[in-house]
Amino acid sequence: MIDLHMHTTFSDGELIPAELIRRAKVAGYKAMAITDHADTSNMGLILENVRRLTDAYSHFFDMEVLAGVELTHVPPALMAEFATLAREAGAQIVVVHGETIVEPVAQGTNLAAIEAGVDVLAHPGLITEVEVKLAAERGVALEITTRRGHSYCNGHVAALAKRFGARLIIDNDAHAPGDLIGEELRRRVAYGAGLTPDDYRQAGANAWEIVQRCRCIR
Ligand SMILES: [Zn+2]
Ligand SMILES: [Zn+2]
């Protein structure tokens with residue numbers, strides 16, 4: 001299992017990075033990304049501090065840990081600029097907080113994230129066909145989430161992604177220890193969204209490909 005969308009005390013998560021990493025390892029995850037909610041006010045703070053841990057001590061964790069951000073409630077017109085600033089600040093992976101139907105995310109956020117070429121568009125809600133096609137072209141991964149509320153649109157996201165060949169990944173969007181669900185429930189959430197066993201395996205391969213690509217970023 002791989003989870004590329006997780007939160008720590010650097011935003012609204014409950015655990016410090018070391019504890020989140022340890023708990024993910026014990027829960028059976030083989031790779032993960034720490035992606036705290038960020039805008040330009042805090043991205044430097046998050047990345048400098050998370051990377052101080054992940055760069056120097058990564059070999060002790062016995063799992064791949066990427067340091068990144070989840071650009072959250074960033075005005076769409078500023079998305080590309082903020083994504084660039086995040087990379088310059090040391091983000092190995094850039095996730096965008098997509099247009100979930102349970103939060104007042106600005107319309108245009110999904111499209112701006114895809115056009116900015118971020119790594120993952122999280123919980124994209126009622127994403128449009130045009131956006132999904134563009135995500136497929138740009139190689140932006142779309143997220144199936146096990147998180148309550150955000151998960152309401154999983155079926156819609158999965159159906160369009162399969163129709164237009166966009167890459168899917170499965171994340172927990174973990175904020176607390178209980179969010180690190182096991183393989184069985186994770187698989188059932190995926191099947192509930194309409195993924196087949198092959199799609200489920202492919203989602204794992206997609207996540208692993210992102211880990212391979214992003215861990216080379218220093
Ligand atoms: Zn959060
Ligand atoms: Zn999140």
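Ligands are counted one by one from 1 in listed order, and the atoms in each one are counted from 1 as well.
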Sidechain N-carboxylate O distance under 4.0 Å for Lys133, Glu137: no
Strictly below 4.0 Å, N to O, side chains only: are Asp171 and Arg147 in salt-bridge contact? no
His150 ring center near His5 ring center (under 6.0 Å): no
Which atom name does Asp12 have for its N/O/S atom nearest to the Zn ion (ligand 1)? OD2
salt_bridge(Arg163, Glu129) N-O dist < 4.0 Å: yes
Does Arg167 come within less than 4.0 Å of Asp119, counting only side-chain N to carboxylate O? no
Hey, which protein N/O/S atoms does the Zn ion (ligand 2) have under 2.8 Å? His5 NE2, His7 NE2, Glu70 OE1, Asp173 OD1
Between His97 and His73, how do the two ring planes meet: parallel, tilted or perpendicular, split at 30° and 60°? tilted
